[in-house]
There are 2 protein chains.
Amino acid sequence: MPTPPPRGRPRSFDRAAALDAATMLFWERGYEATSIADLTEAMGIRAPSLYAAFGDKRSLFEEAVAGFRHTHGAYVARALAEEPTVRAGIARLLRDSATEFTTPGRPHGCLVISAGVNCGSPQVREQLRAIREGSVADFERLIAAAVASGEEPPETDPGTLARLTAAVLQGMSQQSRDGVGRAELELLAAAAMRAWPPLRSE
Amino acid sequence: MPTPPPRGRPRSFDRAAALDAATMLFWERGYEATSIADLTEAMGIRAPSLYAAFGDKRSLFEEAVAGFRHTHGAYVARALAEEPTVRAGIARLLRDSATEFTTPGRPHGCLVISAGVNCGSPQVREQLRAIREGSVADFERLIAAAVASGEEPPETDPGTLARLTAAVLQGMSQQSRDGVGRAELELLAAAAMRAWPPLRSE
DNA sequence: ACCATTCTGTAGCAGTCGCTATGGAAAGGA
DNA sequence: TCCTTTCCATAGCGACTGCTACAGAATGGT
């Protein structure tokens, strides 16, 4: 069914732009350290408009996370999909993360990894933890399939390799926030890939 | 010079025990998510006693961090010192961290790694960042010395290996807080060590 | 024109934050 | 005993937290 025609006074601000501004703040400071006053100022609106458009703070954060994953997380699926092997895909994922985590002009690191740390709201923590766990499960599934197909050697432990990948990503995110630069993170990423078992060279 | 005899009414609580209680709270919730009310309740004292004995919240945290490093961080130096090679030392450091990060009955992960994330106080963030950076520098120095002595092969990149070690520790800390168990972290730690260049077997 | 609907700005709610002024209680020294 | 010193408990400071009641402004429908 089509969207009914809007009634009443139209919204006077750009909802998507406001959400973007909120996302940047959450990304930079984390969920709890970002106050409603911070948000309304960055979004250019007053508190009642924020609550009318986005619900409470947690709903706004959920929407920001969803938008973040769509806009700034797409490179993950792309890296895994566009490379010919899982190993090459994860190598590229780590390499691209070094770039994504240190892009100038926006917060460093990954919102999903950092924004919920030390957060008082169990729901927010759990929301982000579930996303992270989903990534680990995705990695594991892909690696296990590669082992099953003979692409990766049989002694491979898909679960451990998936967790190692996630751990390296988490470490890279925190280090990028600590000021470590792109070049050093790329070296780190390349080094981490040496943990994979040697490929049978035919 | 000897400590002058105490004058006036003696303190009615155990300062060290109170500091321990504060450390546990900071460790579990992080700096900012731990309120003075939380602290006074856990320490069993009132706010004025806390301020008289420890100064402000940041001073208390600094003292908690120092105590944490002394009590719960000693295993790091021990692992590096007691193993015959740097490689074995870092392997044991990672392995022992899997245990330390998941010990039942106390907070998971590492206070130095997590308690300052998303913290509004730049001083607290910087305090912990400097400790982390010091660890990386220590790792790098040890690895570089091992390369110089021929213990590790010349193609080794000490800086990158040091950063990788730190990244894996950070990832292990966050994952332990996400509920990942000791056994899985030990596998992760062992896998990470495969990133080291192969040893010249003579 | 008038109404229903929806948005916006002002102003402020109750609660918590880190922190402290104040007065009484508990100790040692004279 | 009296004084000094130090600690403790009550109570509360101003600022901030997430959030909202209310009234006015702006739109479309009739």
Side-chain angles (χ1 to χ4, degrees), chain A residues 2-19 21-22 25-26 29-65 115-116 118-125 127, chain B residues 2-19 21-22 25-26 29-65 115-116 118-125 127:
Chain A
T3 304
R7 315 233 317 181
R9 176 176 174 178
R11 176 179 295 124
S12 69
F13 62 93
D14 182 339
R15 193 181 188 279
L19 180 60
L25 268 194
F26 282 134
R29 309 186 191 177
Y31 175 75
E32 240 176 26
T34 304
S35 73
I36 298 290
D38 294 335
L39 289 165
T40 55
E41 184 184 348
M43 299 162 88
I45 60 178
R46 314 276 173 249
S49 300
L50 187 157
Y51 282 89
F54 297 101
D56 63 6
K57 185 184 175 185
R58 210 169 57 76
S59 302
L60 171 60
F61 181 73
E62 275 179 25
E63 209 168 323
V65 170
N118 295 327
C119 173
S121 159
Q123 293 134 343
V124 167
R125 270 190 282 120
Q127 177 195 1
Chain B
T3 304
R7 315 233 317 180
R9 175 176 176 179
R11 177 179 294 126
S12 67
F13 61 94
D14 182 340
R15 193 181 187 280
L19 181 59
L25 267 194
F26 281 135
R29 310 187 189 176
Y31 175 75
E32 239 175 27
T34 305
S35 73
I36 298 289
D38 294 335
L39 289 165
T40 55
E41 183 184 350
M43 299 163 87
I45 60 178
R46 312 276 176 252
S49 301
L50 187 156
Y51 282 91
F54 298 101
D56 63 5
K57 185 184 176 185
R58 209 169 58 75
S59 303
L60 170 61
F61 181 73
E62 276 179 24
E63 210 169 321
V65 170
N118 294 326
C119 172
S121 156
Q123 293 136 343
V124 167
R125 269 189 284 121
Q127 178 196 359

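Keep in mind that this is a model prediction, so the values were computed, not measured. Naming convention: chains lettered A, B, ... in sequence-line order (proteins, then strands); numbering from 1 in each chain.
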Problem - Contact state string [nucleotides 1-6 of chain C, B base, S sugar-phosphate only, - no protein heavy atom under 4.0 Å] - result: ----BB
Exercise for the section: Answer whether the closest heavy-atom distance between the side chains of B:C119 and B:Y31 falls below 4.5 Å. Expected result: yes
Practice task
Evaluate whether atom CD of B:E41 has more than 12 neighbouring non-hydrogen atoms of other residues, nucleotides or ligands under 6.0 angstrom away.
Solution key: no
Handout entry: Lys/Arg-Asp/Glu bridge criterion (N-O < 4.0 Å) met for B:E63, B:R58
Key = no
Exercise for the section: For the residue pair B:M43 and B:L60, establish whether any side-chain heavy-atom pair is separated by less than 4.5 Å. Expected result: yes
Exercise for the section: Taking B:R15 for its side chain and B:A53 for its backbone only, find out whether a donor-acceptor pair lies under 3.5 Å. Expected result: yes
Exercise for the section: Let me have a per-nucleotide readout for nucleotides 12-18 of chain C, 5' to 3', with B, S or -, counting only protein heavy atoms under 4.0 Å. Expected result: -----SS
Exercise for the section: Keeping the roles fixed (side chain from A:S49, backbone from A:I45), state whether a donor-acceptor pair exists under 3.5 Å. Expected result: no
Practice task
Measure the distance from CZ on A:F61 to C1' on D:dG18 and round it to the nearest whole Å.
Solution key: 16 Å
Practice task
May I ask you to say what A:A47 touches in the nucleic acid, namely base, sugar-phosphate or nothing, with a heavy-atom cut-off under 4.0 Å?
Solution key: base
Handout entry: NZ or CZ of B:R29 within 45° of B:F26 ring axis and under 6.0 Å
Key = no
Handout entry: A:R125 and A:E32 ion-paired at < 4.0 Å
Key = no
Completion exercise
Whole-Å distance, B:L50 CG to D:dA9 C1', equals 14 Å
Practice task
Kindly indicate whether the side chain of A:T34, heavy atoms from C-beta on, has any atom under 4.5 Å from the side chain of A:F61.
Solution key: no
Practice task
Go through B:D38 and B:L25 one step at a time and tell me if the side chain to side chain contact (heavy atoms under 4.5 Å, CB included) criterion holds.
Solution key: CA-CA 8 Å; B:D38 294 335; B:L25 267 194; 3.9 Å; yes
Problem - Backbone of B:S35 reached by a side-chain donor or acceptor of B:K57 within 3.5 Å - result: no
Completion exercise
Separation of D:dA9 atom C1' from B:M43 atom CE, nearest Å, is 16 Å
Problem - Short side-chain N/O contact from B:S49 to OP1 or OP2 of D:dC7, under 4.0 Å - result: no
Exercise for the section: Please list residues of residues 12-19 of chain A whose heavy atoms come under 4.0 Å from any atom in DNA chain C, ordered by number; otherwise none. Expected result: A:S12, A:F13
Problem - Interatomic distance where CZ belongs to A:R46 and C1' belongs to D:dG24 [whole Å] - result: 15 Å
Exercise for the section: Can you tell me the distance, in whole Å, between the CZ atom of B:R11 and the C1' atom of D:dA9? Expected result: 16 Å
